[in-house]
Asker: 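Below you will find the structure I want to go over with you.
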Amino acid sequence: MILTTTNSIEDHKIVDYLGIVTGVSINKEAVSMGFSASKYYTKLQDNIAAVKEEAFQTLQNNAAKLNANAVVGIKVEIELTTSNYAMVSVTGTAVKVAV
């Protein structure tokens, strides 16, 4: 599946717009600040990376349910909740492109 933040895909023609798809994921483990800021930021970075991958997988699964072979116009939002849980939301438009 082709994933892009742009609204078109070079050398591919979009033949059908299938709908907006979303993938959301939240880390089940809160990140707390300890005595080491570097350990905190490393842990936060690792958590966001894992949550982002899960959100993208959900996005792709939702696009596949619509028989899409690409998602265009992807926007990624990363938030840290008040309880220090990393949350990622990924949204885009599922499309069918000529292969």
Side-chain angles (χ1 to χ4, degrees):
M1 179 159 314
I2 300 170
L3 304 174
T4 182
T5 58
T6 62
N7 293 324
S8 61
I9 303 169
E10 192 171 329
D11 298 327
H12 290 82
K13 180 181 179 183
I14 295 174
V15 294
D16 198 8
Y17 290 85
L18 304 170
I20 296 171
V21 288
T22 303
V24 177
S25 180
I26 188 165
N27 191 1
K28 283 58 169 188
E29 178 184 339
V31 180
S32 59
M33 178 66 95
F35 292 108
S36 172
S38 64
K39 285 182 182 178
Y40 169 78
Y41 290 123
T42 299
K43 178 83 167 171
L44 184 60
Q45 183 177 2
D46 292 345
N47 285 348
I48 289 172
V51 172
K52 184 179 74 161
E53 286 304 314
E54 187 176 317
F56 266 100
Q57 188 60 54
T58 302
L59 175 87
Q60 290 181 68
N61 292 343
N62 290 336
K65 289 176 187 174
L66 297 174
N67 295 317
N69 60 358
V71 180
V72 297
I74 293 175
K75 181 178 179 184
V76 179
E77 294 182 9
I78 301 171
E79 295 180 36
L80 192 60
T81 68
T82 55
S83 302
N84 278 350
Y85 291 97
M87 183 175 83
V88 176
S89 173
V90 185
T91 304
T93 303
V95 298
K96 178 72 84 169
V97 296
V99 183

Asker: Do Leu59 and Thr22 come close enough that some side-chain heavy atom pair is under 4.5 Å?
Answerer: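 In short, these two side chains do not touch, never coming nearer than 4.5 Å.
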Asker: Indicate the atoms forming the closest heavy-atom contact of Ala98 with His12, along with that distance.
Answerer: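 Nearest pair, atom of Ala98 first, then His12: O-CD2, 3.5 Å.
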Asker: Looking at Ile48 and Ala86, what are the two nearest heavy atoms and their distance?
Answerer: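 Heavy-atom minimum between the residues: CG1-CB, 3.9 Å.
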Asker: Could you tell me whether the side chain of Val21 reaches within less than 4.5 Å of the side chain of Thr91, counting heavy atoms only?
Answerer: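 No. Closest side-chain heavy atoms not under 4.5 Å.
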Asker: Would you say that Ser8 contacts Val72 through its side chain, given a criterion of any heavy-atom pair below 4.5 Å between the two side chains?
Answerer: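 Heavy-atom side-chain distance check fails, nothing below 4.5 Å.
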Asker: What is the distance from atom CG of Leu66 to atom CG of Asn61, rounded to the nearest 0.5 Å?
Answerer: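 Leu66 atom CG to Asn61 atom CG measures 11.5 Å (nearest 0.5 Å).
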Asker: Carefully, step by step, assess Val15 and Val97 under the rule side-chain contact (heavy atoms from CB on, under 4.5 Å).
Answerer: CA-CA 5 Å; Val15 294; Val97 296; 5.9 Å; no
Asker: First locate atom CD1 of Ile14, then atom CG of Asn69, and finally report the distance between them rounded to the nearest 0.5 Å.
Answerer: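 It comes to 10.0 Å.
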Asker: Determine the minimum heavy-atom distance between Met1 and Gln60, stating which atoms define it.
Answerer: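 Taking Met1 first and Gln60 second, the nearest heavy atoms are CE-O, 3.8 Å.
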Asker: May I have the step-by-step check of side-chain contact (heavy atoms from CB on, under 4.5 Å) for Tyr85 and Val51, ending in yes or no?
Answerer: CA-CA 10 Å; Tyr85 291 97; Val51 172; over 6 Å; no
Asker: After noting the C-alpha distance and the side-chain angles of Thr93 and Tyr17, does the key distance pass the side-chain contact (heavy atoms from CB on, under 4.5 Å) rule?
Answerer: CA-CA 7 Å; Thr93 303; Tyr17 290 85; 3.9 Å; yes
Asker: Grouping I, L, V, M, F, W and Y whenever their side-chain heavy atoms are under 4.5 Å apart, do Phe56 and Ile78 come out in a common cluster?
Answerer: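 Yes, Phe56 connects to Ile78 through the hydrophobic network.
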Asker: To the nearest 0.5 angstrom, please state how far the NZ atom of Lys75 sits from the OG atom of Ser89.
Answerer: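 Going from the NZ atom of Lys75 to the OG atom of Ser89 covers 9.0 Å.
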Asker: How far does CG of Leu18 sit from NZ of Lys65, to the nearest 0.5 angstrom?
Answerer: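 Answer rounded to 0.5 Å: 14.5 Å.
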Asker: Okay, side chain of Lys96, backbone of Asn67: is any donor-acceptor separation there less than 3.5 Å?
Answerer: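 A pair under 3.5 Å: yes.
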Asker: May I ask you to test the Val88-Glu77 pair for a side-chain heavy-atom distance under 4.5 Å?
Answerer: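 The answer is no, as the side chains (C-beta and beyond) never meet within the 4.5 Å cut-off.
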Asker: Where do Leu80 and Leu44 come nearest, in terms of heavy atoms and distance?
Answerer: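 Closest heavy-atom pair between Leu80 and Leu44: CD1-CD1, 3.7 Å.
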Asker: Could you measure the distance from the CD atom of Glu53 to the CD atom of Gln57? Nearest 0.5 Å is fine.
Answerer: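 Result: 8.5 Å between the selected atoms.
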Asker: Distance from Ile74 atom CD1 to Thr6 atom OG1, nearest 0.5 Å?
Answerer: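 Here the rounded value is 9.0 Å.
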Asker: Any chance you could lay out the side-chain contact (heavy atoms from CB on, under 4.5 Å) test for Val95 and Val71, step after step, and finish with the verdict?
Answerer: CA-CA 6 Å; Val95 298; Val71 180; over 6 Å; no
Asker: What closest approach, in Å, do Ala68 and Ala94 show between heavy atoms, and which atom pair accounts for it?
Answerer: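 Residues Ala68 and Ala94, closest heavy atoms: CB-CB, 3.7 Å.
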Asker: What are the two closest heavy atoms between Thr4 and Ile9, and how far apart are they?
Answerer: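 Smallest interatomic distance, heavy atoms only, reads CG2-CG1, 4.0 Å.
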